[in-house]
Enquirer: 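Sharing a structure below in structure tokens format, with a few things to ask.
It should be emphasised that the depicted structure is a prediction, and the values quoted were computed from it without experimental measurement.
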Amino acid sequence: MNSVINFVEIENRVVSAIYRNLMIGARVVLVDSASGQQVPDPVTTIASPAPAGSLRIRLPATVNPGDYYLEALNGHGAPVAQSVGFYVG
């Protein structure tokens with residue numbers, strides 16, 4: 001079962017994405033493309049029992065402009081999916 005997270009858009013510092021095959025408890029984090037470091041906030045936890053859905057992540061002011069991507073982590077913290085990169089202005 002391949003997990004997928006697809007970036008849809010960013011508008012007014014809100015990132016929209018859709019996902020498939022992510023289990024309850026999976027986390028979606030924002031990763032800085034330049035450093036490869038996870039941004040500590042925001043972290044979104046999948047709470048839906050359905051394995052597919054959509055999510056919206058509001059970016060706090062502490063997220064600096066730059067290139068980022070979304071990464072899905074399973075319940076053990078291991079990466080299971082990554083979105084394409086996008087720019088936060």
Enquirer: Are Tyr19 and Leu59 connected in a single hydrophobic cluster, I mean Ile/Leu/Val/Met/Phe/Trp/Tyr linked by side-chain heavy atoms less than 4.5 Å apart?
Expert: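 As far as the 4.5 Å side-chain criterion goes, Tyr19 and Leu59 are connected within one cluster.
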Enquirer: Is there a chain of hydrophobic side chains (I, L, V, M, F, W, Y, each step under 4.5 Å between heavy atoms) that links Val28 to Leu73?
Expert: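 Val28 does not cluster with Leu73.
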Enquirer: Kindly compute the distance separating CZ (Arg56) from CD (Glu9), expressed to the nearest 0.5 Å.
Expert: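 Separation between the atoms: 7.5 Å.
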Enquirer: Show your reasoning for whether side chain to side chain contact (heavy atoms under 4.5 Å, CB included) applies to Ile46 and Ile24.
Expert: CA-CA 5 Å; Ile46 303 300; Ile24 293 176; 5.5 Å; no
Enquirer: Find out if a path of hydrophobic residues (ILVMFWY) with successive side-chain heavy-atom gaps under 4.5 Å connects Val84 to Ile18.
Expert: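 No.
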Enquirer: Does the side chain of Tyr87 reach to within under 4.5 Å of the side chain of Ile10, using non-hydrogen atoms?
Expert: no
Enquirer: Which heavy atom of Tyr69 sits nearest a heavy atom of Phe86, and at what distance?
Expert: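 For Tyr69 versus Phe86, the nearest heavy atoms are CA-CE2, 3.7 Å.
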Enquirer: Walk me through it: do Val14 and Ile57 pass the test side chain to side chain contact (heavy atoms under 4.5 Å, CB included)?
Expert: CA-CA 5 Å; Val14 176; Ile57 303 172; over 6 Å; no
Enquirer: If hydrophobic clusters are built by linking Ile, Leu, Val, Met, Phe, Trp and Tyr wherever their side-chain heavy atoms come under 4.5 Å apart, do Met23 and Leu55 end up in the same one?
Expert: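 Looking at the clustering, Leu55 is in a separate group from Met23.
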Enquirer: Kindly compute the distance separating CZ (Arg20) from CG (Asn2), expressed to the nearest 0.5 Å.
Expert: 8.5 Å
Enquirer: I'd like to know whether Leu30 forms a side chain to side chain contact (heavy atoms under 4.5 Å, CB included) with Glu71, so could you lay out the CA-CA distance, the side-chain angles of the two residues, the decisive distance to 0.1 Å, and finally the verdict.
Expert: CA-CA 6 Å; Leu30 186 68; Glu71 186 169 61; over 6 Å; no
Enquirer: Apply side chain to side chain contact (heavy atoms under 4.5 Å, CB included) to the pair Val15 and Phe7, showing each step before the final yes or no.
Expert: CA-CA 8 Å; Val15 177; Phe7 167 77; 3.9 Å; yes
Enquirer: Which distance, rounded to the nearest 0.5 Å, do you find between the OG of Ser54 and the CG of Asn6?
Expert: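 Atom-to-atom, Ser54:OG and Asn6:CG are 12.0 Å apart.
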Enquirer: Around Arg13, counting heavy atoms of other residues, nucleotides and ligands shown, do more than 12 lie under 6.0 Å from its CZ?
Expert: yes
Enquirer: Any donor and acceptor pair, going by atom type alone, linking the side chain of Ser3 with main-chain N or O of Val80 inside 3.5 Å?
Expert: no
Enquirer: Do Leu70 and Val4 sit in one hydrophobic cluster, given that two such residues count as connected whenever their side-chain heavy atoms are within less than 4.5 Å of each other, even indirectly?
Expert: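 They do not share one cluster, since no chain of ILVMFWY contacts under 4.5 Å joins Leu70 to Val4.
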Enquirer: Indicate yes or no for a side-chain donor-acceptor contact from Asp32 to the backbone of Gly36 under 3.5 Å, with no hydrogens or angles considered.
Expert: no
